[in-house]
Student: 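Pasting a structure below so you can have a look.
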Amino acid sequence: MGRVAYVNGRFARHAEAAVHIEDRGYQFSDGIYEVWAVFDGKLVDSAGHFARLKRSLDELRIAQPMSEAALRIVLAQMVRKNRVRDGMLYLQVTRGVAPRDHPFPVPAPAPAVVITAKSVDHAAAEARAAVGAAVITVPENRWGRCDIKTVGLLPNVLAKQAAREAGAVEAWFVDDLGLVTEGASSNAWIVDQSGALRTRDIQANILRGVTRSRLLALAAELGLPLEERPFTPDEAKLAKEAFITGAGTLVLPIVRIDDSKVGDGIPGPMAKRLRRLYIDHARREADVQ
Ligand code: PDD
């Protein structure tokens, strides 16, 4: 983690940065977050992440803590102060600090803002992507508003831990219809038997991944067959390829689902191509949008 954090209007040494014990994020998970990938010191797909940030706040009726222009300046300062070239920015906004009581506090406190930055070792990430990763499937047990990027992530935490204990990097949630929704911190994709790229539609209870929508647009430009249509774990296991997308993983090939190899058990050509495509886009277009 970087050396400098931003907390409620101030830059602080990361080790000493702290929030109040009655922050509603801490007490009720009453807050939201956003994560940007940073390439060459610039934010990737920033407009999509800012739009989702605004939407998440609006859905929970938390006031915008500052204008997008002001926030962009603070995020740029965080990149600079932490000397991030390639990395990630994490922003969290909670409803603020108030004596513990479930309904929204009156008058509304100022939203509490925390930002952290960290560098990512892209060489290590590339090495991992070259081998591919495993996922497990777990029953969907999250609330019905996964389109809001809230800090209430306990089911995601438990699913991720189950994945780690199984030697996997991600857990795919499977809903009551027997269909994969998404990963604990990524969207789920396959290249199905017919060669089409498939990922769940956003009418479903999933986060509308910014990487997901960018990749759909990039793939459409290339005329690749695309279907925003759900798939079952069995379809995924029989698929030609599988992969996940997110600001953290970008495009990461999946080579094992539960106990089944996907394809030949090595990253497939489409996932490798799409990873390149997305990273090229990220380097070219970061903050030019
Ligand atoms: N996670 N689905 C879930 C549940 C997520 O938490 C994420 C992102 C995604 C992918 O969204 P995007 O492409 O906009 O990053 C899908 C972030 C990276 C996290 O929790 O750290």
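All ligand and atom numbering here is 1-based and tracks the order in the structure. Sequential numbering from 1 along the given sequence is applied to the chain's residues.
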Student: Do other residues, nucleotides or ligands put more than 12 heavy atoms under 6.0 Å from the OH atom of Y26?
Tutor: no
Student: F11 vs Y6 aromatic rings, parallel, tilted or perpendicular, using cut-offs 30° and 60°?
Tutor: perpendicular
Student: If you take the centroid of each ring, where Trp contributes its six-membered ring, are F39 and H122 closer together than 6.0 Å?
Tutor: yes
Student: Taking C-beta and beyond as the side chain, do R214 and T245 meet within less than 4.5 Å on heavy atoms?
Tutor: no
Student: Quick check on the 6.0 Å ring-centre criterion: do F231 and W189 meet it?
Tutor: no
Student: So with a 6.0 Å cut-off around CG of D264, is the heavy-atom count from everything else above 12?
Tutor: no
Student: State whether the shortest distance between N or O atoms of V35 and N or O atoms of ligand 1 falls below 3.5 angstrom.
Tutor: no
Student: So is R142 polar-close to ligand 1, meaning N/O to N/O under 3.5 Å?
Tutor: no
Student: Nearest to atom 20 (O) of ligand 1, what protein heavy atom do you find, and at what distance?
Tutor: Y33 OH, 2.7 Å
Student: Which bit of N187 is near ligand 1, meaning a heavy atom under 4.0 Å away: side chain, backbone, both or neither?
Tutor: both
Student: Which is closest to atom 2 (N) of ligand 1 by heavy-atom distance: R212, M88, E182, K149?
Tutor: E182
Student: H49 versus ligand 1: do any nitrogen or oxygen atoms come within less than 3.5 Å of each other?
Tutor: no
Student: Give a yes/no on ligand 1: does G48 have at least one heavy atom closer than 4.0 angstrom to it?
Tutor: no
Student: For atom 6 (O) of ligand 1, what is the closest protein heavy atom, and at what distance to 0.1 Å?
Tutor: S185 CA, 3.3 Å
Student: Within the 4.0 Å heavy-atom shell around A184, which atoms of ligand 1 are there?
Tutor: 4 (C), 6 (O)
Student: Starting from atom 15 (O) of ligand 1, locate the nearest protein heavy atom and write down its residue, its atom name and how far away it is, to 0.1 Å.
Tutor: A247 N, 2.8 Å
Student: Got Q64 and L71 here, is their nearest side-chain heavy-atom distance under 4.5 Å?
Tutor: no
Student: Please list, in number order, the atoms of ligand 1 under 4.0 Å from a heavy atom of G183.
Tutor: 4 (C)
Student: So is R52 close enough to ligand 1, meaning a heavy atom under 4.0 angstrom away?
Tutor: yes
Student: Begin with the C-alpha distance, continue with both residues' side-chain angles, and end with the deciding distance and a verdict on side-chain hydrogen bond (donor to acceptor under 3.5 Å, both in side chains) for D234 and T232.
Tutor: CA-CA 5 Å; D234 281 346; T232 65; 5.4 Å; no
Student: Minimum distance, heavy atoms only, to atom 13 (O) of ligand 1: which one of T249, T211, V151 is it?
Tutor: T211
Student: Looking only at distances, can you tell me whether any N or O atom of G209, backbone or side chain, sits closer than 3.5 Å to an N or O atom of ligand 1?
Tutor: no
Student: Do R61's NZ or CZ and the ring of F104 fall within the cation-pi criteria of under 6.0 Å and 45°?
Tutor: no
